Amino acid sequence: MAYIYKTKGTCSSQIDIELDGNIIKSVKFYGGCNGNLQGIAKIVEGLTVEEVNEKFSGIRCGFKKTSCPDQLAQAVMEAYNSAE
């Protein structure tokens, strides 16, 4: 299942997610810190939605209330819940 998430409060503007059930098949960020976000995308491939949410939820970037990893956690949960 493919899902597009528009980020809020980060340098990246969009996250494309592909899920197979609750397993993350692929992630692509648009904008943001390209090298770091490519690394995060590779790290989360094969993880469950729950694992990504647990690891990345609540991470902040500087004084912002969110971050690209936090937005990814929100995005995968939203994608997974929309498929149910």
Side-chain angles (χ1 to χ4, degrees):
M1 178 199 99
Y3 191 81
I4 297 171
Y5 180 83
K6 299 291 185 183
T7 60
K8 301 156 196 76
T10 60
C11 298
S12 64
S13 59
Q14 178 176 310
I15 307 171
D16 291 353
I17 302 163
E18 186 177 350
L19 298 179
D20 182 8
N22 73 330
I23 304 295
I24 297 167
K25 301 283 283 180
S26 67
V27 169
K28 182 175 182 182
F29 287 87
Y30 293 87
C33 303
N34 188 37
N36 290 333
L37 296 176
Q38 285 182 57
I40 289 170
K42 290 291 184 190
I43 287 169
V44 301
E45 284 179 12
L47 297 181
T48 66
V49 167
E50 295 83 6
E51 289 172 319
V52 170
N53 187 53
E54 181 181 315
K55 292 175 188 281
F56 293 130
S57 185
I59 293 175
R60 292 179 168 214
C61 184
F63 294 106
K64 297 177 182 178
K65 293 183 179 184
T66 190
S67 67
C68 291
D70 181 61
Q71 288 292 291
L72 176 60
Q74 292 179 43
V76 297
M77 292 305 296
E78 188 174 294
Y80 180 68
N81 290 331
S82 76
E84 292 181 342

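Here the structure is a predicted model, which is why all the values come from computation and not from measurement. We use all heavy atoms of the structure for the numbers below, so side chains are in, but hydrogens, waters and symmetry mates are not. Numbers for residues simply follow the sequence, beginning at 1.
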Q) Should the heavy atoms of other residues, nucleotides or ligands under 6.0 Å from CD of E78 be counted, would the total exceed 12? A) yes
When rounded to the nearest 0.5 Å, the distance separating SG of C33 from CD of Q38 is 11.5 Å
| query | Should Y3 and Y30 be counted in the same cluster of Ile, Leu, Val, Met, Phe, Trp and Tyr side chains packed under 4.5 Å apart? | reply | no
Open item on the list: When you measure from the side chain of N81 to the backbone of M77, do you find a donor-acceptor pair of N or O atoms at a distance under 3.5 Å?
Closed with: yes
Note: K64 and C11 closest approach over all heavy atoms is NZ-SG, 3.8 Å
Here the pair of heavy atoms bringing S12 nearest to C68 is OG-SG, 3.3 Å
In terms of heavy-atom contacts, A75 and I17 come closest through CB-CD1, 3.4 Å
>> Taking I4's backbone N and O only, do any of them form a donor-acceptor pair with K6's side chain (distance below 3.5 Å, no angle check)?
In response: no
The single option from I15, T66, D70, L72 that satisfies side-chain contact (heavy atoms from CB on, under 4.5 Å) with T10 is T66
Check your understanding: Just wondering, more than 12 heavy atoms not from K65 lying within 6.0 Å of its NZ?
Key -> no
Between M1 and A83, the two heavy atoms sitting closest are SD-CB, 3.3 Å
Rounded to the nearest 0.5 angstrom, the NZ-CG distance for K55 and L47 is 6.5 Å
Distance col, row I40:CD1 vs K42:NZ, nearest 0.5 angstrom, shows 13.5 Å
Separation between OG (S67) and CG (N36), nearest 0.5 Å, reads 11.5 Å
Next item on the list: Measure from the side-chain N and O atoms of S57 to the backbone N and O of A73, and report whether any donor-acceptor pair falls under 3.5 Å.
Entry: no
What one should report as the nearest heavy-atom pair of P69 and I59 is CB-CD1, 4.1 Å
Checking side chain to side chain contact (heavy atoms under 4.5 Å, CB included) for the pair L19/Y80: CA distance, chi angles, key distance, verdict? CA-CA 8 Å; L19 298 179; Y80 180 68; 4.1 Å; yes
Heavy atoms of S82 and A79 approach each other most closely as OG-O, 2.8 Å
- Message: For Q71 and F29: C-alpha separation, side-chain torsions, deciding distance, then whether side chain to side chain contact (heavy atoms under 4.5 Å, CB included) applies.
- Response: CA-CA 10 Å; Q71 288 292 291; F29 287 87; 6.0 Å; no
Rounded to the nearest 0.5 angstrom, the CD-CD1 distance for E50 and I23 is 8.0 Å
Before you tell me yes or no, could you show the steps for F56 and V76 under side chain to side chain contact (heavy atoms under 4.5 Å, CB included), namely the whole-Å CA-CA distance, both residues' side-chain angles and the distance that decides it to 0.1 Å?
CA-CA 11 Å; F56 293 130; V76 297; over 6 Å; no
